[in-house]
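Note that this is a predicted model, so its numbers are computed, not measured.
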Amino acid sequence: MDNSALAIEVKDISKSYDKVKALDHVSLNVQRGEIFGLIGPDGAGKTTLFKILVTLLNADEGSALVDGLDIAKDYRAIRSRVGYMPGKFSLYPDLTIEENMEFFATLFGVTIEQNYDLVAPIYKQIEPFKKRRAGRLSGGMKQKLALSCALIHKPSVLFLDEPTTGVDAVSRSEFWDMLHNLREQGLSILVSTPYMDEASRCDRIALCNTGHILDIDSPQHMVEKFNGNLYGIKARDMYGLLKALRNDDYIANCYTAGEYHHLLAKSGFDPDRLKQDLVAHGHSDVEIKSIIPDIEDVFIKLLSNEQH
């Protein structure tokens, strides 16, 4: 791939905290003008990678380019070209919305008016409350303010570390609509999230766990690559059902997924035989159906493969 087409290029980045390896030879590329998602639970290494890429933390090994600039040699230039929204609300709670915006604009040597067109679709939603202190805002409004401040200097690459954590479902959906609008304006976006359902809003994703990348692809291709027969199953006693399923020799994995348990079948699995066995052992209202996997199923299968 032509390196000029890359907004971010990460090669074998490793980072340890004492004896804990937060990142273990991580490599990935983010293309210009795409939304790339880091999907994984707490402790996967997402925040550590973000801090390295925005030059707040040094890697132990490896290298990376952000907007064509080296994170070790060109850290000053990188800081002027990226927008960064950390996981925890990091603006000044005692300043108003307007004062926070003015502070960050001044920090980067610009004015709100210069780049207002970029932030307008987001900022207009909170502008009527511009005299309100940031600490008194709702989660959704804090999110919009933080994103506006991250964009005020018109960055070319945007880093969003778990931006929707603790935000209600409606605000989460609105936020992703904003990201797609920003991408249409040419921004390259690296976003992390522990929410598997947000993976489908990304162009490509990296599934990660304990400092490792399990797979990188588009969400659709990941689902299409899923190898195995997946079933949804439920009964009146869901806890007892789960224990019974985990003792079945023809089931590779079984876990709770909302209303149903999901089970990954081994060769020779017969759903009719399983249902008969369960009923014979006292389970009632047993329902088994073949289902299409989602990203969470893909993640659990990859995790299981890694552990074995």
Side-chain angles (χ1 to χ4, degrees), residues 1 5-11 13 22-24 26-54 64-67 82-88 122 143 146-147 150-151 155-167 169 171-226 293-303 306:
M1 181 183 293
L6 298 177
I8 302 170
E9 186 176 6
V10 178
K11 292 183 179 178
I13 288 284
L23 295 172
D24 190 1
V26 168
S27 297
L28 59 87
N29 294 325
V30 177
Q31 298 172 24
R32 293 194 184 276
E34 81 169 339
I35 299 176
F36 189 102
L38 290 178
I39 316 294
D42 291 343
K46 305 186 298 295
T47 296
T48 296
L49 181 59
F50 270 63
K51 287 183 176 179
I52 289 172
L53 294 178
V54 298
L65 300 178
V66 175
D67 205 19
V82 304
Y84 176 45
M85 185 172 160
K88 293 182 179 178
I122 305 157
Q143 180 194 58
L147 182 57
L151 291 169
S156 54
V157 186
L158 188 59
F159 292 85
L160 307 172
D161 190 8
E162 298 194 1
T164 59
T165 299
V167 178
S171 295
R172 280 174 59 193
S173 180
E174 287 178 352
F175 189 82
W176 279 95
D177 290 339
M178 293 175 203
L179 296 191
H180 282 269
N181 289 334
L182 291 170
R183 182 193 59 182
E184 294 301 314
Q185 296 182 58
L187 259 73
S188 309
I189 302 171
L190 180 63
V191 56
S192 71
T193 177
Y195 300 122
M196 295 290 168
D197 62 308
E198 292 186 346
S200 63
R201 305 295 298 267
C202 303
D203 299 307
R204 288 190 305 136
I205 59 174
L207 295 180
C208 47
N209 190 60
T210 59
H212 295 88
I213 300 291
L214 304 178
D215 194 15
I216 297 176
D217 211 330
S218 70
Q220 181 181 348
H221 286 163
M222 280 194 181
V223 170
E224 290 172 353
K225 290 189 300 186
F226 189 92
D294 58 20
I295 288 297
E296 188 164 3
D297 296 309
V298 172
F299 179 80
I300 290 173
K301 187 170 187 294
L302 288 169
L303 199 58
E306 187 182 54

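A 4.5 Å side-chain heavy-atom check between D297 and F226 finds at least one atom pair inside the cut-off. The shortest side-chain heavy-atom distance between L302 and L207 falls under the 4.5 Å cut-off. Contact of the P86 side chain with the K51 side chain is not registered, since no non-hydrogen atoms from C-beta on lie closer than 4.5 Å. The side-chain heavy atoms of S200 and W176, taken from C-beta on, include no pair separated by under 4.5 Å. Residues R172 and D197 meet the side-chain proximity criterion, which asks for heavy atoms closer than 4.5 Å.
For the residue pair G33 and S188, the shortest heavy atom distance occurs at N-OG, 3.0 Å. When all heavy atoms of Q31 and E34 are compared, the pair lying nearest together is N-OE2, 2.8 Å. Of all the heavy atoms in C208 and P41, the pair that sits closest is O-CD, 3.7 Å. Across every non-hydrogen atom of V167 and P163, the tightest pair is CG2-O, 4.2 Å. Residues I216 and R204 approach most closely at CG2-NH1, 3.7 Å, considering heavy atoms. Contact record, G83 with P155: N-CB, 3.3 Å, taken as the closest heavy-atom pair.
Interatomic distance, L160 CG to L182 CG, rounded to the nearest 0.5 Å: 8.5 Å. Note that the OG1 atom of T48 and the CG atom of D161 stand 9.0 Å from one another [nearest 0.5 Å]. Going from atom CZ of F299 over to atom CG of D294 covers 12.5 Å, rounded to the nearest 0.5 Å. Taking CG of N29 as the reference point, atom CG of L6 lies at 4.5 Å (rounded to 0.5 Å). With rounding to the nearest 0.5 Å, the separation of CG in N209 from CG in D42 is 11.0 Å. One finds the OG1 atom of T193 at 11.5 Å from the CZ atom of R201 (value rounded to the nearest 0.5 Å).
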Dump the intermediate steps for side chain to side chain contact (heavy atoms under 4.5 Å, CB included) on R183 and L179, then the final yes or no.
CA-CA 6 Å; R183 182 193 59 182; L179 296 191; over 6 Å; no
Applying side chain to side chain contact (heavy atoms under 4.5 Å, CB included), run through K225 and D215 and close with a yes or a no.
CA-CA 11 Å; K225 290 189 300 186; D215 194 15; 2.9 Å; yes
Give the intermediate values and the outcome of side chain to side chain contact (heavy atoms under 4.5 Å, CB included) for residues V223 and I295.
CA-CA 6 Å; V223 170; I295 288 297; 4.1 Å; yes
Report the C-alpha separation of L147 and L158 in whole Å, then their side-chain angles, then the decisive distance to 0.1 Å, and conclude whether the side chain to side chain contact (heavy atoms under 4.5 Å, CB included) test is met.
CA-CA 9 Å; L147 182 57; L158 188 59; 3.9 Å; yes
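The backbone N or O of I35 sits less than 3.5 Å from a side-chain atom of D203, completing a donor-acceptor pair. Using a distance-only test at 3.5 Å, with no hydrogens or angles considered, a donor-acceptor pair links the side chain of S218 to the main chain of H221. Proximity of a side-chain donor or acceptor of K46 to a complementary backbone N or O of V191 within less than 3.5 Å is not detected. At distances below 3.5 Å, not a single donor-acceptor pair connects side-chain atoms of E198 with backbone N or O atoms of Y195.
Considering L49, T210, I213, V10 as possible partners of L23, the one that fulfils the side-chain contact (heavy atoms from CB on, under 4.5 Å) test is L49. Partner of V157 under the side-chain contact (heavy atoms from CB on, under 4.5 Å) criterion, out of D67, L53, V30: D67 alone.
Side chains of S171 and Q143: a donor-acceptor N/O pair is absent below 3.5 angstrom, by distance only.
For the ring-ring contact (aromatic ring centres under 6.0 Å, His included) condition, the pairs that include at least one residue of residues 27-52, sequence neighbours left out, are F50-F159.
With sequence neighbours excluded, the residues that form a side-chain hydrogen bond (donor to acceptor under 3.5 Å, both in side chains) with T165 are E162.
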